[in-house]
Structures are given as C-alpha cells and as structure tokens.
Amino acid sequence: MPTDLEIENAIRAALATSSSDLKFKAFFLDLQETLGVDLTERKKEVKEMVIRINSEGGESEEEEEEEEGEEESAEEEEEAQPKAKGFHKLNQLSPLLSEFLGVERASRPDIVKKMWEYFKTHNLQNPKDKRQILLDDALQKVFKVKKFTMFTLNKHVAKHVYIEEEPRSPVKKAPKKKATVASKSKAPAKAKAKGKEKKGEDDDGKPKKPKKPINHPKFKLSADMAAVTGTTEDSRPGITKALWAYIRANNLQKPENKSIIICDANFKKVMGGEAQVTMFSMSKFIGAHLGERV
C-alpha cells in the first residue's frame, strides 16, 4: 500500500493532466489503476486530499483577463500578472529543462503538468507498471537516468529548479504587554476548554453525537459464490472482502502486476468464466451471483 505522500504526489500528477469537469468517481478509478492498488477503504481520505490540493491555488481574475487579450505583448502580460507565491511561484529553470520545456521560468505545478502531457503523448509509462516512467532520449539528456517513478518525479525536477528567495523586510517586535488580572483569569478557562475537547465535546460543551454505523443489505449468494466466500449470504462490501481474502490465501495476484487476478477453477466460476480479471473489473461480476435480499 502506498504512503500518504505517494498518494498525494500521484493525485497532484493526475490533477495536472485531468480535465476540469472530470467526476471524482472516474478520477478515483484512474488513480487506483495508475497506482495498481485498491484504495476503496481510503476513498474518503483521497477525496479530502483532492479538495485540499484543488484549494491550494487557482487562476486569479487578472490572469484570466490576460489570457483573453491576444494582442498584448509578452512584457505587458508579465507586468499585469500578480506575483505568485509559494507553490505557484515562477522559478528559473536549468538550461537543460528550459530547452526541453521551451520556457525559462515556470511554477512547479506547470512543470509537472507539462511533463505528464509529454509522458502520455509519447506513451512513456511502463505497460506492466504505470507508476514507472521509461525515459526517451530527450528526457535522458535532461535527467541523466533511464527511468524513474511518478513518486520520484518531483525529486528529479527539483534539481533543475532554481528557487529565488525574496528579501525579507525587517519586522519590528511589539513591546511585551504586562499580564493583567483579567488575562490571568483566562488561562484556567482555556485549560478547561481543552479538557472538554478531550472528553469528546463540541464547541458549545455538548457531547458529540456518535456516528451511526452503515447497515449494508445482505443477499443470498449463488452456490459458486458461497464456495469462494464460505458463506451463503452477505453484503456487497462483505463479499468483496471475502473475495480478496480468497485471492491472497491462494496467491492469485500476478507477481509483476498485482492489479491482475489469475483465476483458479473456483474463482473462474464467479468471474464469468474469465481466465484473468483486474481488481477494477471484479465488481461487475458480483451482481450475477446475488439472489433475493435477506
């Protein structure tokens, strides 16, 4: 299972090349396929990451107006643009990366976006493991390696980005205020508030309502499905969990690509007679083995 940082890097890379109207469900399936893992149990975390990353930046109204003015010169555009800060700041690129991308300055997100456009246009992802990028001659000239993964892309790009530090203006320290009787009395109140938070209370001091458990409906299973899951009735999440337990117990995952399942005799009966399936196509076969609701 990839780490949080690896998932976040994969999300950033995917967002850089995804259309703005792409639905989360389709984006989530593409992300799982790219990583080659099942992220169903972490779907909520992934959605929160996507929302956070999307909220980090965005074009200002001034930048949008500049794009509409086709007759403005490059110098006028640069003057009209507000200075970007942090992650979206324009940085000087190395001569090699600058020649490859065709620009002298770019932000980190723009660099990653252009890189992924190039990877996909030239089919540089390893067919056996989409997380791995096989560099062509043009990329090898820049990065001096034959391959890297989507998780180490930022590390290689960082070597070709020269971050310019802005001079900091001196900050005058405000004189310290003497503690008054009123300010001293606030300290116990804060400690009391912290104590309430620890006891599971909200801002008003009221106990937080416990989350209601989700009751998934159960169905009667076919004889073939019961032979694999070991039960005659179960819910869809329970069936999926049991199928994965069977897969791991019988070592049915393809060693070089764990997202592919090699079906044995029993598993083939519940997978529509297919010799092999992917972790993403398994669910479409489950419905045929569900009977009446229990």
Side-chain angles (χ1 to χ4, degrees), residues 1-59 86-88 107-120 124-133 148-158 208-217 235-245 247-248 252-254 256-261 277-287:
M1 180 66 70
T3 63
D4 288 352
L5 180 60
E6 290 174 338
I7 293 174
E8 184 171 334
N9 287 338
I11 292 172
R12 289 185 186 279
L15 287 175
T17 55
S18 299
S19 60
S20 58
D21 59 348
L22 183 66
K23 302 295 183 185
F24 175 75
K25 185 177 180 180
F27 176 84
F28 185 69
L29 291 174
D30 288 343
L31 181 67
Q32 289 185 119
E33 187 174 358
T34 301
L35 292 171
V37 294
D38 183 8
L39 296 172
T40 304
E41 294 181 357
R42 303 189 64 182
K43 189 173 183 178
K44 185 178 178 181
E45 293 177 51
V46 171
K47 192 168 188 177
E48 289 173 352
M49 284 185 186
V50 172
I51 293 170
R52 176 171 55 78
I53 292 168
N54 274 330
S55 65
E56 284 179 358
E59 290 187 341
F87 198 62
H88 293 271
S107 66
R108 289 288 189 96
D110 284 340
I111 296 170
V112 173
K113 182 177 180 179
K114 289 178 184 292
M115 296 295 293
W116 272 101
E117 287 174 354
Y118 186 87
F119 297 157
K120 292 188 175 180
L124 299 183
Q125 285 178 278
N126 188 341
K128 295 180 180 178
D129 184 356
K130 296 263 181 144
R131 295 171 293 181
Q132 193 177 75
I133 313 300
F148 51 60
T149 69
M150 62 193 304
F151 307 123
T152 58
L153 169 61
N154 283 328
K155 182 182 77 173
H156 290 284
V157 167
K208 293 181 181 178
K209 293 181 180 179
K211 292 182 180 180
K212 292 182 180 179
I214 300 172
N215 295 319
H216 296 283
S235 63
R236 274 185 172 268
I239 295 167
T240 302
K241 187 175 180 180
L243 289 176
W244 273 105
I247 290 167
R248 293 191 177 101
L252 300 185
Q253 285 178 282
K254 199 172 184 179
E256 58 268 26
N257 187 352
K258 299 263 183 169
S259 65
I260 296 176
I261 314 302
V277 293
T278 70
M279 62 170 61
F280 312 112
S281 64
M282 277 170 46
S283 59
K284 71 180 182 182
F285 297 104
I286 293 175

Check: CG/Leu243 to CE/Met279 distance, rounded to the nearest 0.5 angstrom?
Finding: 13.0 Å
Margin query: Quick check for you: to the nearest 0.5 Å, what is the distance between Met115 atom CE and His156 atom NE2?
Written below: 10.0 Å
Next item on the list: Find out whether Lys254 and Ile261 are in side-chain contact, i.e. whether some heavy atom of one side chain is under 4.5 Å from a heavy atom of the other.
Entry: no
Note to self: Quick one, Ile260 with Gln253, criterion side chain to side chain contact (heavy atoms under 4.5 Å, CB included). Give me CA distance, side-chain angles, the key distance, then yes/no.
What the structure shows: CA-CA 6 Å; Ile260 296 176; Gln253 285 178 282; over 6 Å; no
Item checked: Approximate separation, where rounding is to 0.5 Å, of Thr240 OG1 and Asp38 CG -> 8.5 Å
Check: Would you call Glu117-Lys114 a salt bridge at under 4.0 Å N-O?
Finding: no
Item checked: Exercise: identify the closest heavy-atom pair between Val277 and Met282 -> CG2-CG, 3.8 Å
Item checked: Test log, rule side chain to side chain contact (heavy atoms under 4.5 Å, CB included), inputs Ile133 and Trp116 -> CA-CA 10 Å; Ile133 313 300; Trp116 272 101; 4.0 Å; yes
Note to self: Tell me every residue that passes salt bridge (charged side-chain N to carboxylate O under 4.0 Å, His left out) with Asp110, counting only those two or more places apart in sequence or in another chain.
What the structure shows: none
Margin query: Does Lys47 qualify as a cation-pi partner of Phe28, given the criterion of NZ or CZ under 6.0 Å from the six-membered ring centre and within 45 degrees of its axis?
Written below: no
Next item on the list: Would you please name every residue forming a ring-ring contact (aromatic ring centres under 6.0 Å, His included) with Phe285, sequence neighbours left out?
Entry: none
Margin query: Is the shortest side-chain heavy-atom distance between Phe148 and Gln132 below 4.5 Å?
Written below: no
Item checked: Separation between CD of Glu8 and CD of Glu45, rounded to the nearest 0.5 Å -> 12.0 Å
Next item on the list: List for me each residue that meets side-chain contact (heavy atoms from CB on, under 4.5 Å) alongside Asp129, sequence neighbours excluded, and say none if there are none.
Entry: Arg131
Next item on the list: Would you please name every residue forming a side-chain contact (heavy atoms from CB on, under 4.5 Å) with Pro217, sequence neighbours left out?
Entry: Phe219, Arg293
Item checked: Sequence-distant partners of Glu48, side-chain hydrogen bond (donor to acceptor under 3.5 Å, both in side chains), two or more places apart -> none
Checklist line | Set of side-chain hydrogen bond (donor to acceptor under 3.5 Å, both in side chains) partners for Thr149, sequence neighbours left out | finding: Thr152
Note to self: Tell me every residue that passes side-chain hydrogen bond (donor to acceptor under 3.5 Å, both in side chains) with Asn154, counting only those two or more places apart in sequence or in another chain.
What the structure shows: none
Item checked: Contacts of Ser283 that satisfy side-chain hydrogen bond (donor to acceptor under 3.5 Å, both in side chains) - sequence neighbours left out -> none
Next item on the list: Please report the closest heavy-atom contact between Ala158 and Arg108, naming both atoms and the distance.
Entry: CB-NH2, 3.8 Å
Check: With Lys130, which residues qualify under side-chain contact (heavy atoms from CB on, under 4.5 Å), at least two apart?
Finding: Gln125
Check: Can you name the side-chain contact (heavy atoms from CB on, under 4.5 Å) partners of Ala10, sequence neighbours left out?
Finding: Leu31, Leu35, Met150, Phe151
Notebook entry, point to check: Taking atom CD of Glu256 as the centre, does the number of heavy atoms from other residues, nucleotides or ligands within less than 6.0 Å exceed 12?
Noted result: yes
Next item on the list: Rounded to the nearest 0.5 Å, what's the gap from CD1 on Ile111 to CG on Leu153? Could you check?
Entry: 9.5 Å
Next item on the list: Can you measure from OG1 (Thr278) to NZ (Lys258) and round to the nearest 0.5 angstrom?
Entry: 16.0 Å
